[in-house]
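Before any comments, here is the structure.
For reference, positions follow the sequence shown, starting with 1. Heavy atoms only: backbone and side chains are in, while hydrogens, waters and symmetry mates are out. One-based numbering, in listed order, for ligands and for the atoms of each.
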Amino acid sequence: MPSFKNSLKLPKNLINLVPTSFDQIGEIAIFNEFPKELKKYEKIIGNKLIKLNKKIKTVAVKNKKFSGKYRLQKIRIIAGKKTKETIHKENNLKFKLDIEKAYFSPRTGSERLRIASKIKPDESVLVMFSGIGPFSILAAKKAKEVYAIELNPIAHKYALENIKLNKIDNLKSFKGDVKTILPKLKKKFNRIIMPLPTDSESYLSLALKYLKQKGIIHFYDFSKEEDFPDSSIKKIKKHCKRIKILSKVKCGNYSPRTYRVCIDFQPL
Ligand SMILES: C[S@@+](CC[C@H](N)C(=O)[O-])C[C@H]1O[C@@H](n2cnc3c(N)ncnc32)[C@H](O)[C@@H]1O
């Protein structure tokens, strides 16, 4: 954003420190925490961005990576409307959320579309770790029926709102731990999506138990460049010796040279 940077009228040595990119969730722009030299200018920077970009009403910085069992990040507003709740538009759908109280990453939008493109109209789909509903609501547009399970009560509350907001009637959303909820559903699925790259492996044997014959699992993981895809396939094979790999994709950066990856596979 050279014009944004140049319009800031900051001392020349500081201009180069202004970050060039940010995430946008709904009307909120989120930067990584600024370097300390920029701290006293952060409000000026935020207000300038709001002035130049009519779709942004709040500017914030995140001072932690996603962490904890709910995968949350700490957000600090530096300019504009003092709210952390917004409505994000993705793949022609609307998602309401509080960006600090529920996990959401706008960077995964195209991966969600990749998964949705594989779903056939007669499928029953399970989305484990479903958050505010971006995988499950998009999947419900294609599948016969979708079940979703989310542990964070606030993310679950937003998922229920988002189901209504998008007028979806073939999606059942459950609040709680996959390990306790899934056995109670007494149901098997054609496709299971596992978007918890930090720990999907712990839930793999459960997913295999509730997958129909010829069913497909989308297994998310983090992987170093040099270990991809072997380390993720090794994790899967600990639980299921014979598999057919349908695709293996890098679908995001986690840290330098570490990717968010997905292995699509079918147990044989
Ligand atoms: C990386 S986020 C993905 C959320 C959503 N699928 C998305 O893409 O926006 C993982 C989610 O799994 C939830 N979670 C973690 N452990 C869980 C468990 N044992 N059962 C159900 N949900 C869980 C967290 O609260 C978090 O919302």
Side-chain angles (χ1 to χ4, degrees), residues 23-26 28 30 62 64-73 75 86-91 93-116 119 125-140 143 146-163 165-166 168 171-185 189 191-207 209-210 217-223 249 251-255 258-262:
D23 278 343
Q24 192 176 337
I25 302 184
I28 308 177
I30 310 164
K62 54 181 177 190
K64 236 181 25 174
K65 269 190 169 279
F66 293 109
S67 67
K69 62 180 176 175
Y70 296 161
R71 311 304 299 146
L72 301 178
Q73 51 186 353
I75 301 285
T86 189
I87 295 182
H88 184 74
K89 293 191 185 135
E90 176 184 284
N91 301 324
L93 296 167
K94 290 181 193 152
F95 296 102
K96 188 170 172 188
L97 74 149
D98 180 308
I99 58 169
E100 191 170 52
K101 294 186 178 145
Y103 175 94
F104 180 78
S105 171
R107 300 184 193 185
T108 319
S110 55
E111 171 61 9
R112 291 189 255 274
L113 216 47
R114 183 186 76 82
I115 301 289
I119 298 175
V125 176
L126 170 67
V127 182
M128 293 178 163
F129 327 117
S130 47
I132 61 152
F135 273 99
S136 52
I137 289 173
L138 184 61
V146 177
Y147 284 62
I149 308 174
E150 168 55 45
L151 189 63
N152 174 357
I154 297 179
H156 171 73
K157 177 196 81 112
Y158 280 113
L160 295 180
E161 264 192 85
N162 291 331
I163 289 169
L165 205 57
N166 293 288
I168 300 291
L171 165 53
K172 291 198 174 93
S173 195
F174 298 86
K175 177 180 70 178
D177 191 320
V178 162
K179 286 185 178 161
T180 46
I181 303 285
L182 181 52
K184 289 187 192 156
L185 298 180
F189 298 89
R191 188 180 295 277
I192 300 182
I193 305 168
M194 304 183 71
L196 184 66
T198 44
D199 197 23
S200 290
E201 193 195 337
S202 305
Y203 300 83
L204 203 48
S205 55
L206 195 65
K209 192 166 165 192
Y210 291 95
I217 291 183
H218 301 280
F219 177 81
Y220 286 90
D221 194 14
F222 289 128
S223 174
V249 297
C251 47
N253 281 83
Y254 180 62
S255 56
T258 301
Y259 296 96
R260 185 177 201 269
V261 303
C262 184

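Of the N or O atoms in Pro134, none lie within a sub-3.5 Å distance of an N or O in ligand 1. Looking at Ser105 next to ligand 1, no N or O pair under 3.5 Å apart turns up.
Seen from the ring of Tyr254, Lys65 counts as a face-on cation partner, given the 6.0 Å and 45° thresholds.
Residue-ligand proximity, Phe135 to ligand 1, at heavy-atom distances under 4.0 Å covers atoms 6 (N), 8 (O). Counting atoms of ligand 1 from 1 in the listed order, those under 4.0 Å from a heavy atom of Asn152 are 25 (O).
Looking from atom 19 (N) of ligand 1 to the surrounding protein, the closest heavy atom is Tyr203 OH, 2.9 Å. The nearest protein atom to atom 8 (O) of ligand 1, hydrogens excluded, is given as Arg112 NH1, 3.2 Å; this is a heavy-atom distance. Nearest non-hydrogen protein atom to atom 15 (C) of ligand 1 is Lys69 O, 3.3 Å. Nearest protein heavy-atom neighbour of atom 4 (C) of ligand 1: Phe129 O, 3.4 Å. Looking from atom 16 (N) of ligand 1 to the surrounding protein, the closest heavy atom is Leu151 CD2, 3.9 Å. Closest to atom 10 (C) of ligand 1, if we only count protein heavy atoms, is Leu196 CD1, 3.6 Å. In terms of protein heavy-atom proximity, atom 1 (C) of ligand 1 is nearest to Pro195 O, 3.6 Å.
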Review point. Hey, mind stepping through Ile149 and Leu126 against side chain to side chain contact (heavy atoms under 4.5 Å, CB included) and telling me if it holds?
Key: CA-CA 8 Å; Ile149 308 174; Leu126 170 67; 4.0 Å; yes
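The local environment of NZ in Lys62 is crowded, with over 12 non-hydrogen atoms from other residues, nucleotides or ligands closer than 6.0 Å.
Between Gly176 and ligand 1 there is a heavy-atom distance shorter than 4.0 Å. Using 4.0 Å as the threshold, Lys179 has no heavy atom nearer than that to any atom of ligand 1.
When the heavy atoms of Glu150, Lys175, Glu111, Arg71 are ranked by distance to atom 27 (O) of ligand 1, first place goes to Glu150. Here the shortest heavy-atom distance to atom 20 (N) of ligand 1, taken over Leu97, Val127, Ile181, Val178, belongs to Val178.
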